[in-house]
Amino acid sequence: MKYQRIRGMQDLLPDEQPYWSHVEATCHDLATRFGFERLEPPLLEATELFVRGVGDATDIVSKEMYSFVDKGEDALTLRPEFTAGVMRAYIENGLSSRPQPQKLYSFGPIFRRERPAKGRYRQFYQLNAEIIGSADALADLEILLIAHSLYREIGFENLVFQINSTGDPECKPRFLDALRAYFEPIADKLAPLDRERLARNPLRVLDTKERETLPFLADAPRFLDYLNDDCRSHFAELTGYLEALSVPYQINHRLVRGLDYYTKTVFELWGEGLGAQAALCGGGRYDGLIEALGGPPTAGVGFATGIERIIMSMRELGIPPRALRKPDVFIAHLGEPAKKAAVQLVADLRGRGIPARIAFGSRSLKAQMKDADRAGCGVALILGDAELAQGVVLARDLARSEQVSVPIAETPAWLAARGA
RNA sequence: GUGCCUAUAGCUCAAUAGGUGGAGCGCCUGACUGUGGCUCAGGAGGUCGUGGGUUCAAGCCCCACUAGGCACCCCA
């Protein structure tokens, strides 16, 4: 085999399309139902946007971006997430002058140059939703709810959100100080990796998987205990809504998220059967981001979910996709004059919105019938020169193995009556 | 990026102790000269991931590379 897929890239084959169209349609439908409008930023942005918007200390920026210099001039990057591009578009296109808040969603491919594994690809698809311009905890709730509705409508059960708060620029430093004060005296007992984290990014010690460190986490400071009044009441309001709506959630004191821009609410949802790549969706509030990107001070909250991981969980849990509509009608023909008439007929049916296939070549009727069966068609219209001479087709119901003779001109009506 | 495991037909997998590669499913054709599914018969399809090495002889042993998987890192 001479050519092969680029590492971490995948071909989405016809057999997988029922899953994709089901999930994709559910995403668009739900976003619309929740009052979100679509905003699709380009795949390419200035590298600097992601460095500033995502954070140059994050894994995404420091080692996972597909970046290149275009014709020796512009530093460009294939988007490694949606949020920064959406914020840039919001600022650049003056969406802050539209009625606030703006509820925007995006659906498309994302690129991260990580080592591939099951459920982890270098090009993968995300649904992303953002509410820009509201600090209300109700906005956080809507983000949680659209995610929850998506999974519920696809057929997931027993899903529980993990949520936490990571404060704001006023109370976050106090918590970080407390974390250091707790861990530094026992640093020599922590795993080596966690000693590094403590120095570089203390929050990361909280979600460690290192055995040596785990015993010390139970008594570690909790962010919720260090929130200022604003952050605490915001969190309480959100959890109050969740309880009122009976949306299952767990407060997870160890949940911290990698991106620099999060403030207040952070959350994740994990799926089954995905191994170490379990995160189905993640998100949170990012009240300082737009200002950091050169816009006016603007609150924001959003989430992203990975489509491949949803589909993989569906397979794992045996959740069937909605069947795709296949062509209902297959036209078989015998003889050259009949073939010409069949071309007319198939064009007529398609023009009337009836999905139809026509046999290629001039094969035996048997072979054509076999094709009709395997194409999943419900009806075969048989048009031979003999039928053509009488101005009819033989309409065969493939499931019932019954067929009748129908005048060619009445075929669309016959099919319509059958469909109803 | 690190460690470990894997790689044979379109798919899932066999191949005894190094000794010229098979099955099931799928695909094509026919039995049925104008009727699908079921059955039966026949057929096509492989430089054994790629490149090197050891050996009289390599799908099998060794090395490198490529790709996939698992764990780590991190996330969707």
Side-chain angles (χ1 to χ4, degrees), chain A residues 1-10 13 15 23 54 57-64 79-83 107-128 147 191-194 196-197 200-201 204 207-211 255-259 266 268-271 274-283 303-313 330 332-335 338 359 362-388 393-403:
Chain A
M1 182 122 44
K2 195 166 183 183
Y3 295 107
Q4 59 184 16
R5 282 189 294 273
I6 301 303
R7 185 163 158 89
M9 306 283 161
Q10 50 178 347
L13 302 173
D15 284 351
V23 174
V54 180
T58 60
D59 282 15
I60 289 179
V61 171
S62 63
K63 54 188 188 188
E64 296 173 2
R79 65 187 181 204
E81 60 134 45
F82 268 117
T83 301
F107 185 104
I110 292 293
F111 301 85
R112 290 184 200 169
R113 200 179 179 293
E114 294 187 85
R115 181 149 173 173
K118 182 191 288 186
R120 163 173 294 173
Y121 303 99
R122 288 182 168 190
Q123 174 181 333
F124 61 98
Y125 284 74
Q126 285 191 342
L127 167 70
N128 184 270
L193 185 60
D194 288 319
E196 277 178 48
R197 287 177 171 132
R200 206 180 62 237
N201 189 354
R204 282 271 158 230
D207 67 351
T208 186
K209 292 175 191 167
E210 301 290 323
R211 278 182 187 281
L255 178 66
V256 295
R257 292 192 36 90
L259 308 185
V266 292
E268 285 186 1
L269 181 65
W270 292 49
L274 294 172
Q277 282 72 241
L280 277 180
C281 90
F303 92 110
T305 188
I307 306 304
E308 287 83 353
R309 290 185 182 180
I310 290 177
I311 290 174
M312 219 168 291
S313 282
F330 188 97
H333 45 80
L334 289 160
S362 300
R363 308 173 65 204
S364 71
L365 182 58
K366 174 186 177 62
Q368 295 185 59
M369 293 302 289
K370 201 166 188 174
D371 286 347
D373 186 48
R374 280 183 294 195
C377 294
V379 174
L381 299 180
I382 301 165
L383 180 53
D385 290 346
E387 286 75 23
L388 185 58
V393 297
L394 295 178
R396 181 175 181 86
D397 182 320
L398 290 169
R400 296 181 186 171
S401 298
E402 295 168 357
Q403 64 187 43

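- In this structure, CD of A/Glu64 is placed 10 Å from P of B/A76, rounded to the nearest angstrom.
- Remark on RNA chain B: of its neighbouring residues A/Asp371 and A/Arg197, the 5'-side contact belongs to A/Asp371, judged by nearest-heavy-atom nucleotide.
- Checked against B/U29, B/A76, B/G37, the side chain of A/Arg396 finds its nearest nucleotide in B/G37.
- Checking side-chain atoms of A/Asp385 against main-chain N and O of A/Ala338 turns up a donor-acceptor pair under 3.5 Å.
- When each of B/G36, B/U29, B/A76 is scored by its nearest atom to the side-chain atoms of A/Ala304, the top-ranked nucleotide is B/A76.
- Between A/Lys209 and B/C73, a side-chain N or O to OP1/OP2 separation shorter than 4.0 Å is present.
- Contact detail for A/Ala57 and A/Ser62: the closest heavy-atom pair is O-OG, 4.4 Å.
- Among the atoms of the strands shown, base atoms are found under 4.0 Å from some heavy atom of A/Glu114.
- For A/Arg309, taking side-chain heavy atoms from C-beta onward, the closest of the listed nucleotides B/G36, B/C75, B/C70 is B/C75.
- The P atoms of B/U50 and B/A67 are separated by 15 Å, rounded to the nearest whole Å.
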Can you give me the dot-bracket string for RNA chain B, 5' to 3', counting Watson-Crick and G-U wobble pairs with both distances under 3.5 Å, using [ ] for crossing pairs and | for partners on another strand? (((((((..((((.....[..)))).(((((.......))))).....(((((..]....))))))))))))....
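- Residue A/Arg204 places at least one side-chain N or O closer than 4.0 Å to OP1 or OP2 of B/C75.
- Contact check, A/Arg122 against B/A76: no side-chain N or O comes under 4.0 Å of OP1 or OP2.
- Candidate nucleotides B/G34, B/C73, B/C75 were compared by shortest atom distance to the side chain of A/Leu394, and B/G34 ranks first.
- Nucleic acid contact class of A/Ala332 (heavy atoms, under 4.0 Å, all strands): none.
- A/Tyr121 comes within 4.0 angstrom of a base, heavy atoms only.
- Between B/U54 and B/U8, the distance separating the two P atoms is 26 Å to the nearest Å.
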Begin from the C-alpha positions of A/Asp373 and A/Lys370 and carry the test salt bridge (charged side-chain N to carboxylate O under 4.0 Å, His left out) through to its verdict. CA-CA 5 Å; A/Asp373 186 48; A/Lys370 201 166 188 174; over 6 Å; no
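- Counting any heavy atom pair closer than 4.0 Å across all strands shown, A/Glu387 reaches a base atom.
- Among the nucleotides B/U35, B/C72, B/A76, the one closest to the side chain of A/Glu210 is B/C72.
- Atoms CG (A/Leu259) and C1' (B/C74) sit 11 Å apart, rounded to a whole Å.
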Just the atom pairs and distances: protein N or O near nucleotides 4-8 of chain B's N or O, under 3.5 Å.
| unit_1 | atom_1 | unit_2 | atom_2 | d |
| --- | --- | --- | --- | --- |
| B/C4 | N4 | A/Arg115 | NH2 | 3.3 |

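- Taking side-chain N and O atoms only, A/Arg374 has no distance below 4.0 Å to OP1 or OP2 of B/G26.
- Among the heavy atoms of the strands lying under 4.0 Å from A/Ala117 are primed sugar atoms or P, OP1, OP2 only; no base atom is included.
- Rounded to whole Å, the separation between the P atoms of B/A9 and B/C5 comes to 23 Å.
- Within 4.0 Å (heavy atoms only), A/Gly8 reaches sugar-phosphate atoms of the nucleic acid but no base atom.
- Between A/Leu398 and A/Cys377, the closest heavy-atom pair is CD1-O, 3.2 Å.
- As rounded to the nearest Å, B/G26 and B/A41 have P atoms that lie 14 Å from one another.
- Taking the side chain of A/Ile382 as heavy atoms from C-beta on, and the options B/G34, B/C75, B/U66, the nearest nucleotide is B/G34.
- Separation of the C1' atoms belonging to B/C61 and B/U55 is 10 Å when rounded to the nearest angstrom.
- As judged by a 4.0 angstrom heavy-atom cut-off over every strand, A/Gln403 is placed among the base-contacting residues.
- Of the candidates B/A76, B/U29, B/U35, the closest approach to any side-chain atom of A/Lys366 belongs to B/U35.
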Stepwise, does the side chain to side chain contact (heavy atoms under 4.5 Å, CB included) test hold for A/Arg122 with A/Met9? CA-CA 6 Å; A/Arg122 288 182 168 190; A/Met9 306 283 161; 4.0 Å; yes
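- Here, B/U66 and B/G52 have their C1' atoms 14 Å apart, quoted to the whole Å.
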List the steps and the verdict of side chain to side chain contact (heavy atoms under 4.5 Å, CB included) for A/Leu365 and A/Met369. CA-CA 6 Å; A/Leu365 182 58; A/Met369 293 302 289; 4.1 Å; yes
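- For a distance-only test at 3.5 Å, the side chain of A/Ser401 qualifies as a donor-acceptor partner of the base of B/G36.
- Every side chain to side chain contact (heavy atoms under 4.5 Å, CB included) that A/Ile110 has, sequence neighbours left out, goes to A/Arg79, A/Phe82, A/Arg112, A/Phe124, A/Gln126.
- Here the nucleotide nearest the side chain of A/Lys118, chosen from B/C73, B/C75, B/G69, is B/G69.
- Phosphate contact (OP1/OP2 of B/G1, side-chain N/O of A/Lys63, threshold under 4.0 Å): absent.
- Side chains of A/Leu280 and A/Arg309 form a contact here, defined as non-hydrogen atoms less than 4.5 Å apart.
- A gap of 39 Å separates the C1' atoms of B/C27 and B/C63, to the nearest Å.
- Between A/Gly8 and A/Tyr121, the closest heavy-atom pair is O-CB, 3.4 Å.
- Of the side-chain N and O atoms in A/Arg120, none sit less than 4.0 angstrom from OP1 or OP2 of B/G69.
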Could you give me the CA-CA distance, side-chain angles and deciding distance for A/Thr208 and A/Leu193, then say whether side chain to side chain contact (heavy atoms under 4.5 Å, CB included) is met? CA-CA 9 Å; A/Thr208 186; A/Leu193 185 60; 5.8 Å; no
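- A distance of about 31 Å separates the C1' atoms of B/C25 and B/G34, rounded to the whole Å.
- One finds a side-chain N or O of A/Arg257 lying less than 4.0 angstrom from the OP1 or OP2 phosphate oxygen of B/A76.
- Backbone-only engagement by A/Leu193 is indicated by non-hydrogen atom pairs under 4.0 Å involving sugar-phosphate atoms exclusively.
- Using a distance-only test at 3.5 Å, with no hydrogens or angles considered, a donor-acceptor pair links the side chain of A/Gln368 to the main chain of A/His333.
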Test A/Glu308 against A/Arg120 for side chain to side chain contact (heavy atoms under 4.5 Å, CB included), laying out the working first. CA-CA 8 Å; A/Glu308 287 83 353; A/Arg120 163 173 294 173; over 6 Å; no
